[in-house]
Structure formats: C-alpha cells, structure tokens
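Report on the following structure.
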Amino acid sequence: MEQNVICRGLSKTYQQDAIIVQALSGIDLDVPKGDFVCLSGPSGSGKTTLLNLVGGLDAPTGGEITVAGQRVDLMSQAQLATMRLMHLGFVFQAYNLIPVLTARENVEFVMQLQGMDRKERRARARAILEDVGLEGLENRRPAQLSGGQQQRVAVARAMVSGPSLVLADEPTANLDSRNGEMLLELMRKMNEGRGVTFIIATHEQLVMDHARRLIRLHDGRIVSDELQR
Amino acid sequence: MSITLRLAWRNIWRHPRRTLLTSSAIAFAAAILVFMVTLQRSSYDKMIDFTLRVYHGHLQVQPKGYLDKPQIRNTIPDARALASHIRRLSGSASLSVRAMGFALASSKERSYGVQVLGVETENESHVSTIPGLVRKGRFLSSDDAQEAIIGYLLARNLKLNVGEELTLLGTGRDGSVAATVVPVVGIFESGSADLDRQLVQLPLGAFQDVFSMGNHGHTIVVVGESLEHLEELQRAVRSGLPPESSLVVLNWEALLPGLKQAIQMDWVSGWFLYASLIIIVSFSILNTFLMSVLERTREFGIMLALGARPGRIGVLVIVEAVWLALLGLAVGVVIGTATVIYFHIYGFSYPGMEELAAHYNMPAVIHLALSPLSLTLGPAVILLVTCAAALYPALRIRLLKPADAMKAV
Ligand SMILES: Nc1ncnc2c1ncn2[C@@H]1O[C@H](COP(=O)(O)OP(=O)(O)OP(=O)(O)O)[C@@H](O)[C@H]1O
Ligand SMILES: [Mg+2]
C-alpha cells in the first residue's frame, strides 16, 4: 500500500540552557494513505512533537521524514510553507481560527493563500461548511460560535484545500463528550469519503475508540502500535 | 477588498481604545505639521518679498560683470530710454534706473567711505521702501535737485542733521574728480544696518552731473506684482534688451544669495523641531505594534501552520500600520487644513509682530498660502515614519518558529 508518512529513526532533542530533553528518540513509523491513526500516551510523551515534525512546523534533530513522497526534513522554510499550504491540514486544540474573520472567511483564507479565484472559493467554502453542518452560521465570527462549532470550522478549513494528510492535536480536548463525538464522526466521514489520512494526538478514550489504528508513545518512543478494527 | 486589507482593518479595531489613542497622536502631529509647515513657507514668501522690496528689487538689469565688480565705467547707456522700453514689455512691473559710485562723505567733523546712489525720484518709491522710510525730513524732490538723503547710522556717525551740508568726493566715469556739496534733506531707517550705515541717495540727474555719467546708469531695478511669476517677468525683461548688448538680467537669488541661504537654514532648523515631534509619535507607534504583534504570536503561528509565508504576515502588520496612519492623518489633515484656511482668510500674526511691522512698513499679518505641498509634506513624512516604525515588528515575524508560536497563549 502507498505510504503517506514515513519516519525513519526520527528523534528530537530540546535544549534549554543546560537541560537537554529527549522528546522523541528513534521513531520508525509508516502511515499508509487513507489511514486514521490515533497517537496516544501520557503528557510529555512526545505526541505534539511528533505531529509538529511531520507537519514541518519544527525541525528534527535526527532521522528522516517523508510526507507524500517528499523529504520534509530537507526542505527550506519556504518549501515547508508551500508543502503545508498544498498538502496538509491542521486542527489544534482550541483557538484555531482567526478571530476577526467569519467562519466562511476563515475557510476561504487558505484558498486565498493558494491563489484560488473568488468564485471558486465561495462555492467550495459554502459546500464544505454545509458538509460540517454549519449552514446558516457562515457569517459568524469565532466568538459567536460554540466550541464545537469552532472546531468544525477548523476541520472544514483543514479539509477545504484538498490535503492528503490532516494532523490534529487534541482536537476534542475542549469539547464535551457529545460535541467530541460529533467532531470525530465528522473526521471519520472526511477520512472515509475523501480518502484523507488523519493523525490525531489525544489522551482521550473517546478518540482512541474511533481510531482504526492506535499508537502509544512513552518517553519519546513507540511502545505499541495496533490495528483496532 | 483584498483579504490583507480587510484583515488589517479589522485587526486594528480589536483594541479600539489603543487604536484611537495611537491615531490621535498621529492626528495631532499631522495637524501641527500641516499648520507649521504652511506658516513657515508662507512666512518665507513674505520675508523674501519684503526684504527685496527694501532695496534690491525682484530683478535687476546690469552690465555683465557689474555684480561682482561694480566699476563706474561699466554702464548701461541711455538707461532711462531702455527702462521705458522694457516697461512697455513687462506689463504691470515697476522699473527704476539707478547709478552708483563710491565716495568719501564728510561732514564738518568726520569722513566715511559711502556708497552713493543716484535714483529716479518719481520711480524709486515703486521699487524700494526706502523713500517711505525717511524718518526725518523728506525724500528727494526732483531729478535735478541738488540734495541728498542718508541712512540714520551714517547721519549719527557723521553727526549730521537734516538741513546740514554733506561733502562728497569721488571719481567720475571718465576718471575725473567727482565732488559736490549738497544739503541733507532726509534721514532714512531702512531696517538694514548696512544700508543705514553706508548709503547716500542723490537724484539721478544730480548724480549723473557729479559723476560725469551723461545719460548712463548702472542698474535698472524691476519689481513685479509677486514672486510667483518671476520667471515670466525675467523673460519679458530679457526680451527688451538691445540685441547685441552685454547686459544681463539677474534675479534676486543672484543679487542676494545670503537670503536664500538664510531661508534654507531656517527651513532645516524647523525640521529639527518637527523631527523630534515625529520621533515621539513613531515611538508610540512602535510600542503599539510590538504589543500587538507579541499578543498575536499564537495567531501568527496558526497562519504559518496553514501555509502563510512570514513575509505575508509581515505585510499584514505593515498594512495595519498604514491603516492606523491613514486614520490619524485623515483627521489631522482635516484639522490642520481647516486651521490653515482660517488663517488664510483672517491672517495670522505673531505676538508682538504688529509693532515691528508698523515700524518698517511691513505687513503685520500673514495670510497663509494654500499650497498643496505645504499641506501634504508633513503628513507624507508621518506616513513614511509610521511604516518604518512597523517595519521592525513586521520583520521580527520572520524569526517566529511555527512550533514555538503555537505554544504561546
Ligand atoms: N520547546 C520546548 N523546549 C523544551 N522542551 C520541550 C519543548 N517542547 C516540548 N518539550 C518537551 O518535550 C517533551 C515532549 O513534549 P510534547 O509536547 O511533545 O508532549 P505531549 O505528548 O504532546 O504532551 P501533552 O499530552 O501534555 O500535550 C516534554 O518533556 C516537553 O517538556
Ligand atoms: Mg501535546
């Protein structure tokens, strides 16, 4: 099967003054196209660090990362920006949205960066917001939306650029279980309907239950990697 | 509207009070600059015009080389006829013929080297304020009268009073001795110490007699209605010169180079003051933008994660600065311009200026000129400085690492 993400001997150390923290050590990981992966593990185990490295938000101190056939660890800042813009989607824990832009404008923002023309942007934004169940709320600003609605806008924004991989860091952490459930179902739908790969970091059981594959991290190492269904 | 413009506009209204305070500072500085620069430049026009009308005039026709070396032999032949010819060509301008020589001036008690000027008695008052500034006695009566007026400092030095006799001893155009004894009929105070100390005026006819000038003169002084159309006037005057003559038409900048320099100096020193105002404002802008960039670190991190280039976010910050500046400048320029228009109509006068002005026949109020340059120069500088102040915070965004930015709260 075609691999979307390949990590080989990936490691990351942080140095703050004299203290050296080994956040990741020797991660080997293959994520095939269309997978729905949950990264779990205790706080400080390296989940966010791994997502950041895969997404090119941070540089590894060792090892290789390939995303959609391209070596992320060898890219310049500008190449990384283009890579993120064209191939990746991100969903973070909270405050994902640009507060002065409406839901529709937040979704359109990415397409604007991609240089898409106005008409197509409008049409796509409307369609995706409908898909995530936000029709009628397009013109609200983030502050006028509930936490669950905000996260759905964030998913819509991550999906709208047509990425092959979406990285989500604790997307449900600020939601109650009902809203968390709805968000996960939405992501599942996107995963199945569009064949987009998802890697979700979490320590919530709810998310783990929805995952096809569950990877556990501990002290920067993969301690288990199992298929759930 | 492009997304960057819209985003920037909304961003500046995230903190309405901060935005209003910063743009008020910009507005205040802009209003002051609009008024001060206009006042300064309007005063210059007044000052130049006033200074020139005392003695030098706007233009002078002179023999070539006379300005650098005023030799009595270097003359304009038949000067009055030439002056009437030019007068017909140059519309409403005033002209007056002068002749000049150097002499030793003596009273009973003392002697001083002086400049003796022969003037056309009926025309001189149109090109010079000196005839109107005779403090004691009167101005010269007619072109052939044997009489003189002298500056008040010279009168004091020579211990001469109106009605007493002045002896002049010099060299005529043909090299002969030029000597005469004339009564002083008036004592003037021009406001220029140089003129008041060394100028003696005779009627042109009398001067031509004494200095063996025949019908020759040395300069034709020209004063137009205003300095604005000086170049046209200069062209008109030049067209009236005899074809192969060696005469030149000099404008005031050539006649009085010190005046231009003095004005440039004043202009520069004015800008030192303005610069300090602008610097204070720019620090307030810099502060605002450092704060606003710092508190949005996480938001910028998200933009970077979405694939925005740091340069694009930098541009966003600059555009925010431009919006803020335009907001302040719009208000400032309106207030500044309204003030200028008020003083354009009703005139502005420096405190204490009336007395001084009255003494020297000078206009007491300045009607500010409505010049587009004066109205926009200051605001343009503020706009530039605002962008420059936002540049540093904007460039700092380049140093932002997406992963670290995401961790900020
Ligand atoms: N910028 C940094 N500087 C220094 N150490 C860091 C930095 N970022 C993370 N670390 C350290 O790296 C380790 C892994 O952190 P990471 O954020 O990846 O954990 P996590 O699994 O996401 O934890 P959590 O569940 O709390 O979000 C931790 O020990 C953390 O203290
Ligand atoms: Mg984390």
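Every chain is numbered from 1, with letters handed out A, B, ... down the list of sequences.
In this structure, A81(A) and A308(B) approach most closely via the heavy-atom pair CB-O, 4.5 Å. L304(B) approaches R84(A) most closely through the heavy-atom pair O-NE, 2.9 Å. Nearest approach of R10(B) to V100(A), heavy atoms of both residues: NH1-O, 2.9 Å.
The environment of CZ in F283(B) is sparse: at most 12 heavy-atom neighbours from other residues, nucleotides or ligands sit within 6.0 Å. For R221(A), the CZ atom is loosely surrounded, since the number of other residues' heavy atoms within 6.0 Å does not exceed 12. By the 6.0 Å contact criterion, CZ on F343(B) is enclosed, its count of non-hydrogen atoms from other residues, nucleotides or ligands being greater than 12. Around CZ of R18(B), the count of heavy atoms belonging to other residues, nucleotides or ligands within 6.0 Å exceeds 12. Remark: Q15(A) CD is packed, more than 12 non-hydrogen atoms of other residues, nucleotides or ligands lying under 6.0 Å away. A 6.0 Å sphere centred on CZ of R141(A) holds more than 12 heavy atoms belonging to other residues, nucleotides or ligands.
Heavy-atom pairs under 4.5 Å with chain B were tallied for A158(A), A59(A), P99(A); the largest tally goes to P99(A). Per-residue heavy-atom pair counts under 4.5 Å with chain A were compared for A305(B), A403(B), P402(B), and the maximum is reached by A305(B).
In this structure, chain B has no heavy atom under 4.5 Å from any part of A154(A). Neither the backbone nor the side chain of E108(A) has a heavy atom closer than 4.5 Å to any heavy atom of chain B. For R121(A), no part lies under 4.5 angstrom from a heavy atom of chain B. Proximity to chain A (any heavy atom under 4.5 Å) is shown, for R296(B), by neither the backbone nor the side chain.
Taken from CG in L113(A) to CD1 in I3(B), the straight-line distance is 8.5 Å, to the nearest 0.5 Å. For the atom pair L85(A) CG and L306(B) CG, the distance stands at 8.5 Å (nearest 0.5 Å).
Counting heavy atoms from C-beta outward, F90(A) and M406(B) have side chains that stay 4.5 Å or more apart.
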Problem - Derivation and outcome, side chain to side chain contact (heavy atoms under 4.5 Å, CB included), residues R309(B) and Q77(A) - result: CA-CA 9 Å; R309(B) 304 271 177 106; Q77(A) 286 301 322; over 6 Å; no
